[in-house]
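Inspection log for the structure reproduced underneath, given as structure tokens.
Residue numbers begin at 1 in each chain, while the letters A, B, ... track the order of the sequences. A quick note: this is a predicted structure, and the numbers were derived from the prediction, not measured.
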There are 2 protein chains.
Amino acid sequence: MEEPRKRARPGRAPAPPGRTSRPRQAEVARLAGVSQATVSLVLGAKKQGSAISAETRQKVLDAARSLGYVPDPAARRLAAARNDLLGVFSFTATFPTDVQHSYYPFLVGVEQEAAARGYDLVLFTGSSSGGAGASGPDALSRVRLADGCLFLGRHAPTEELRRLVEDGFPVVHIGRRDELEGLAWVGADYVSASHEVVDRLAALGHRRIVLVREDDEAPASTDREHGFLKGLEQAGLPAGPEAVFRTADPARTLTPQRLRRWLDEGVTAFVAEETDTGNAWRALRAATAEAGLDCPRDLSLALLGSPPPDLDGETVPAGFDIPRPQLGAAAVRLLAALVAGEEAAEPLVACPYRPGVTAGPPPTGP
Amino acid sequence: MEEPRKRARPGRAPAPPGRTSRPRQAEVARLAGVSQATVSLVLGAKKQGSAISAETRQKVLDAARSLGYVPDPAARRLAAARNDLLGVFSFTATFPTDVQHSYYPFLVGVEQEAAARGYDLVLFTGSSSGGAGASGPDALSRVRLADGCLFLGRHAPTEELRRLVEDGFPVVHIGRRDELEGLAWVGADYVSASHEVVDRLAALGHRRIVLVREDDEAPASTDREHGFLKGLEQAGLPAGPEAVFRTADPARTLTPQRLRRWLDEGVTAFVAEETDTGNAWRALRAATAEAGLDCPRDLSLALLGSPPPDLDGETVPAGFDIPRPQLGAAAVRLLAALVAGEEAAEPLVACPYRPGVTAGPPPTGP
DNA sequence: GCGCATTACTAATGCGCATTACCCCGCAGG
DNA sequence: CCTGCGGGGTAATGCGCATTAGTAATGCGC
């Protein structure tokens, strides 16, 4: 029997007037002649598909389809604590006007992998663009709508991130990020990739190789140096301090004269790290040209990363590529694992060697 | 007094064991010594900030701060009947491997405008990528998850779209789409833009202009022709059928000989439509080069759209640009209006004229 | 023919928050 | 002294769904 509780009618208005509101499970249930719970069971059909007769199941499915029923993600999440949504958060605009700095390559992989796993993506905007809920101490709180969240770029505020991590919210950072204990991340394996570049050069016959790097303590830089030196050692080549040329301003210090001196000393190959600016590589190329040297013939060059996009596209440098789409995909995989309560796996993604045209055998004879 | 309802404990587990769940309003309330409702009132503080004493308010705020309270977006949305989420759906991958076909330029504008309006974006994957909920008759149902949805590309199945539209679900299509009554869309104003190109050429002194178009019935093509012809008429130039050269295979039919004949007939300027392939423009450029003609000097060329990205970047064609970011932004604005229950406004976005270097005064004398 | 296990559902409940309806209290007016 | 009234809160309720306890119906064995 119904209680006469008509006097109380809290909550919001029943439905936006004028247009059909989205169907609820209750409506599906009514149409199918079953209870709401049954609808939930049928539609939420997990692996344990039992306890529902095929007939009833079909009735429900038909009803749901005919009404165009779609579960409300908010309600779903509230009740089940998941909604098959992965967040993507970048402190700078995800789609900056300057395509060069965009996260596009990552997103290619993120989208694919997410799609393959049945996740949709939530792009959290407000981050930079000064939108409505732009910043503030709880700027990152919105990401909690998703089951988990990917973070791109180093600009996500550490404190906010810590908060999420501590709350057990699944978070994966694209790009190594060690300063925050417990933060899951995926990153390129610069060590191995740099190592391999040395291997290749050594295999070509080079016996003295110099790394040109900028004066920077980023993990990406030190990783490369580390792999480079390890490669030298393993190849039995001189790996002392003289094998690394570290300079704050490659354009000034890496002169053609300096280059010739190295050659005179028996150096036959140079390796530059990739940085935001690409200055190391740029300087190396410039010095080579100014010195009137031919690259694959007189000396070999390799770039530990991708060439600056503005540089002559004809000359593909030897070195390795950073597999950004794969990184994105790996991030999604890791995030999915975290969401599922599993533990993190290998965070490093291999960078494939790129033969390019700037490396060859060392020149023979004097 | 508490009822002994301990036997029943439905719902999901209280919290993932082992980690602190983030605070709820209830905890804030307890700490502040008030009720949950009061917390909600204080934190949800809208314009009607009354009915709460300053003292209580402060207690609540302090408690919330000290606990680091952050509202659960899902719950908030459930209660408030909106999620501040806009969908973005593209039948093909949103971030295809081939950057050329990506919707990136649109998304730039979409993201900005969405951010400015406090919306987050949901990228519906599964569409093409063959993911979990890939296709099926209700493939589009998922978009109902958001408050409204943007559609990119012409491939979204009409029937599914109709369904959404009929249900009153706010939908905006990027790119003109007339076949579906009631479907809101935003598109570039090709008619006006093409018209203006003719104006400019006429102003430069050209008296006979020919449009080269491919054999295609897309609205984008017919719009351009329409604007072109209107421009001719208004400028008092010959706008008969001979002003339009329509061909299925520009590369074969647009020979240098054909070009010379036109010139002999007094034609001094050519206009090509932009298509997926860019064949019309390509053929025009090729014929000019093969005929040994100099572009700005011997004849003027204009392109109704953006040049194919693979074409020599040095030569900026005269014509107009398709303001994709603005289109994206306009789409968001329109969608936001629909979500708010307002009516659609002007769907056309103007295309700015691009002077370029391929148009100049007609050659003087024979 | 009764106990008991299955099967096939339904009823009840709560997730976290927003939104009333209502209540309590002190004070002014009749 | 009772009533009216407004400020300041609180209890109750529901959003839409998932989950689980409970129940009716049926089957089965002895």
Which of these nucleotides, [options], is closest to any side-chain atom of [X]?
{"X": "B/L78", "options": "C/dT10, D/dC15, C/dT19", "answer": "D/dC15"}
{"X": "B/L41", "options": "C/dG16, C/dT19, D/dT20", "answer": "C/dT19"}
{"X": "B/A37", "options": "C/dG16, C/dC9, D/dA11", "answer": "D/dA11"}
{"X": "B/R76", "options": "D/dG16, D/dC17, C/dC17", "answer": "C/dC17"}

Measure from [atom1] on [X] to [atom2] on [N] and round the result to the nearest Å.
{"X": "A/R30", "N": "C/dT10", "atom1": "CZ", "atom2": "C1'", "value": "16 Å"}
{"X": "A/I52", "N": "D/dA18", "atom1": "CD1", "atom2": "C1'", "value": "13 Å"}
{"X": "B/E27", "N": "C/dC15", "atom1": "CD", "atom2": "C1'", "value": "13 Å"}
{"X": "B/R77", "N": "D/dC17", "atom1": "CZ", "atom2": "P", "value": "17 Å"}
{"X": "B/R57", "N": "D/dT10", "atom1": "CZ", "atom2": "P", "value": "14 Å"}
{"X": "B/K59", "N": "D/dT10", "atom1": "NZ", "atom2": "C1'", "value": "13 Å"}
{"X": "B/Q25", "N": "D/dA11", "atom1": "CD", "atom2": "C1'", "value": "15 Å"}

Name all residues meeting the side chain to side chain donor-acceptor pair (under 3.5 Å) criterion together with [X]; count only those two or more places apart in sequence or in a different chain, and write none if there are none.
{"X": "A/D147", "value": "none"}
{"X": "B/S40", "value": "none"}
{"X": "A/S66", "value": "none"}

- [ ] For A/V39, answer base if it contacts any base atom (sugar-phosphate contacts may also be present), sugar-phosphate if it contacts only those atoms, and nothing otherwise; contact means non-hydrogen atoms under 4.0 Å.
- [x] nothing
- [ ] May I ask you to say what A/S53 touches in the nucleic acid, namely base, sugar-phosphate or nothing, with a heavy-atom cut-off under 4.0 Å?
- [x] sugar-phosphate
TODO: Give, for atom SG of B/C149 and atom CG of B/L161, the distance between the pair rounded to the nearest 0.5 Å.
DONE: 9.0 Å
Open item on the list: Tell me every residue that passes salt bridge (Lys or Arg N to Asp or Glu O under 4.0 Å) with B/E159, counting only those two or more places apart in sequence or in another chain.
Closed with: B/R162
- [ ] For B/F151, enumerate each residue passing the ring pair (Phe, Tyr, Trp, His ring centres under 6.0 Å) test, keeping only those at least two apart in sequence or located in another chain.
- [x] B/F89
Open item on the list: Please confirm whether the shortest side-chain N or O distance from B/T38 to OP1 or OP2 of D/dT10 is below 4.0 Å.
Closed with: yes
Open item on the list: Pairs counted only when both distances fall under 3.5 Å, Watson-Crick or G-U: show me the 5' to 3' dot-bracket for DNA chain D, [ ] for pseudoknotted crossings and | for other-strand partners.
Closed with: ||||||||||||||||||||||||||||||
Task: Residue whose nearest DNA chain C nucleotide is more 5′ - A/Q36 or A/T56 - done: A/T56
Task: Shortest non-hydrogen contact between B/V60 and B/V39, atoms and distance - done: CG1-CA, 4.1 Å
